[in-house]
Amino acid sequence: ARLLAGMAAAVGEHGYAETSIADVISRAGVSRKTFYEQFDGKDECFAVAYGEAMDRLLELTLSAFDAEGPPWARRLRGALTALCAALAGNPAVAWLCFVEGLDAGPVTAARQREALRGFLPLFEAAPADPIGDSPLGESLRSGRIGDLAEMLRQEIAAGAGSTLPRLVPEMTYLMAVPFLGPQRAARELHAPRPGPGGES
């Protein structure tokens, strides 16, 4: 655990390419021998750190999605609110997952594809009527994930990770429009929250 935290901290400070094993073990407070007892090298350590960080973000995001009531656009906003708050509160993890994680080599690339697919339930729950059973549906859902990752990458890389929550309304609208259309997306996102008895 200390090595994974040390990797995240080192990459956040130096970037993946410039991070050395010495940087990681220095932050972790362990020996080089201990490092190699756990990992084959920097690539594997980074891939594991990335995978575990993304797993935690996914669990948080999907839990928030499941906890929010309908309509779908509101549930999506709840999920993105949780995700952006978590990233804003942990800059090292934000940098690890959405900046360095996109360019960190083949071992991490395989984990990245798997991790990003973890966001699919957010979009699989979208109303199906605009696309029906069209084979384009899968491409549309995957495209939304790619767009979401790119939006986060740009903000974090520009040093604006701490203010990600401000983008949640815009981000949710952009993610929802392809499924709902502009008018319905705006209407659902601004609908009053139901009361305890289901009344608005």
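Computed from a prediction, not measured in an experiment: that's the story for all the values here.
Although no hydrogens or angles enter the test, the distance criterion places a donor-acceptor pair under 3.5 Å between the side chain of R74 and the main chain of P70. Side-chain atoms of R27 do not come within 3.5 Å of backbone N or O of G6 as any donor-acceptor pair. In this structure, the side chain of T163 engages the main chain of A160 through a donor-acceptor pair within 3.5 Å. In this structure, the side chain of K42 does not engage the main chain of S20 through any donor-acceptor pair within 3.5 Å. Side-chain N or O atoms of R75 include none that pairs as donor or acceptor with a backbone N or O of P71 at under 3.5 Å. A distance-only check finds a donor-acceptor pair linking the side chain of T19 to the backbone of A10 [under 3.5 Å]. Not one N or O on the side chain of R144 forms a donor-acceptor pair closer than 3.5 Å with the backbone of R141. The backbone N or O of G146 sits nowhere less than 3.5 Å from a side-chain atom of E150 that would complete a donor-acceptor pair. R77 contributes no side-chain N or O that, together with a main-chain N or O of P169, makes up a donor-acceptor pair within less than 3.5 Å.
The side-chain heavy atoms of M7 and L3, taken from C-beta on, include no pair separated by under 4.5 Å. Between M171 and E155, every side-chain heavy-atom pair lies at or beyond the 4.5 Å cut-off. Using a 4.5 Å heavy-atom cutoff, the side chains of Y36 and I21 are in contact. At a threshold of 4.5 Å between non-hydrogen side-chain atoms, the residues Y16 and V99 do not count as touching. Here the side chains of R184 and E188 are in contact, with some heavy-atom distance below 4.5 Å.
Under the side-chain contact (heavy atoms from CB on, under 4.5 Å) criterion, A5 pairs with no residue at all, not counting sequence neighbours.
Atom CD of E18 has 12 or fewer heavy atoms from other residues, nucleotides or ligands within 6.0 Å. When the shell of 6.0 Å around CD of E114 is examined, it contains 12 or fewer heavy atoms from other residues, nucleotides or ligands. More than 12 heavy atoms of other residues, nucleotides or ligands lie within 6.0 Å of CZ in R166, so this atom counts as buried by the packing criterion.
Taken together through direct or relayed side-chain contacts under 4.5 Å among Ile, Leu, Val, Met, Phe, Trp and Tyr, L167 and I145 form part of one hydrophobic cluster. Clustering ILVMFWY residues whenever any of their side-chain heavy atoms sit less than 4.5 angstrom apart, transitively, puts L60 in a cluster other than the one holding M54. L76 and L62 end up in the same hydrophobic cluster when Ile, Leu, Val, Met, Phe, Trp and Tyr side chains are linked at under 4.5 Å.
There is a side-chain donor-acceptor pair under 3.5 Å between W95 and E100. For the 3.5 Å distance criterion, the side chains of S142 and S139 fail to qualify, holding no donor opposite an acceptor. With hydrogens and angles left out, the side-chain atoms of R111 and T108 include no donor and acceptor closer than 3.5 Å.
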### Query
Step by step, would you call E59 with R56 a salt bridge (charged side-chain N to carboxylate O under 4.0 Å, His left out)?
CA-CA 5 Å; E59 181 179 4; R56 289 191 294 271; over 6 Å; no
### Query
Please walk me through it: do K33 and E37 pass side-chain contact (heavy atoms from CB on, under 4.5 Å)?
CA-CA 6 Å; K33 179 177 181 292; E37 287 173 349; 2.6 Å; yes
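In this structure, the separation between CE on M151 and SG on C84 is 8.5 Å, given to the nearest 0.5 Å. Atoms CG and CG, from L148 and L174 in turn, are 10.5 Å apart once rounded to the nearest 0.5 Å. F119 CZ to L80 CG: the interatomic distance, rounded to the nearest 0.5 Å, is 8.5 Å.
In plain terms, the two heavy atoms of L4 and C45 that are nearest each other are CD2-O, 3.8 Å. Closest heavy-atom contact between W72 and P127: CE3-CD, 3.7 Å. Across A88 and S162, no two heavy atoms sit closer than the pair CB-O, 3.6 Å.
Using the six-membered ring where Trp is involved, F39 and F35 have ring planes that are tilted, between 30° and 60° apart.
A cation-pi contact, defined as under 6.0 Å to the ring centre and within 45° of the axis, is absent between R153 and F98.
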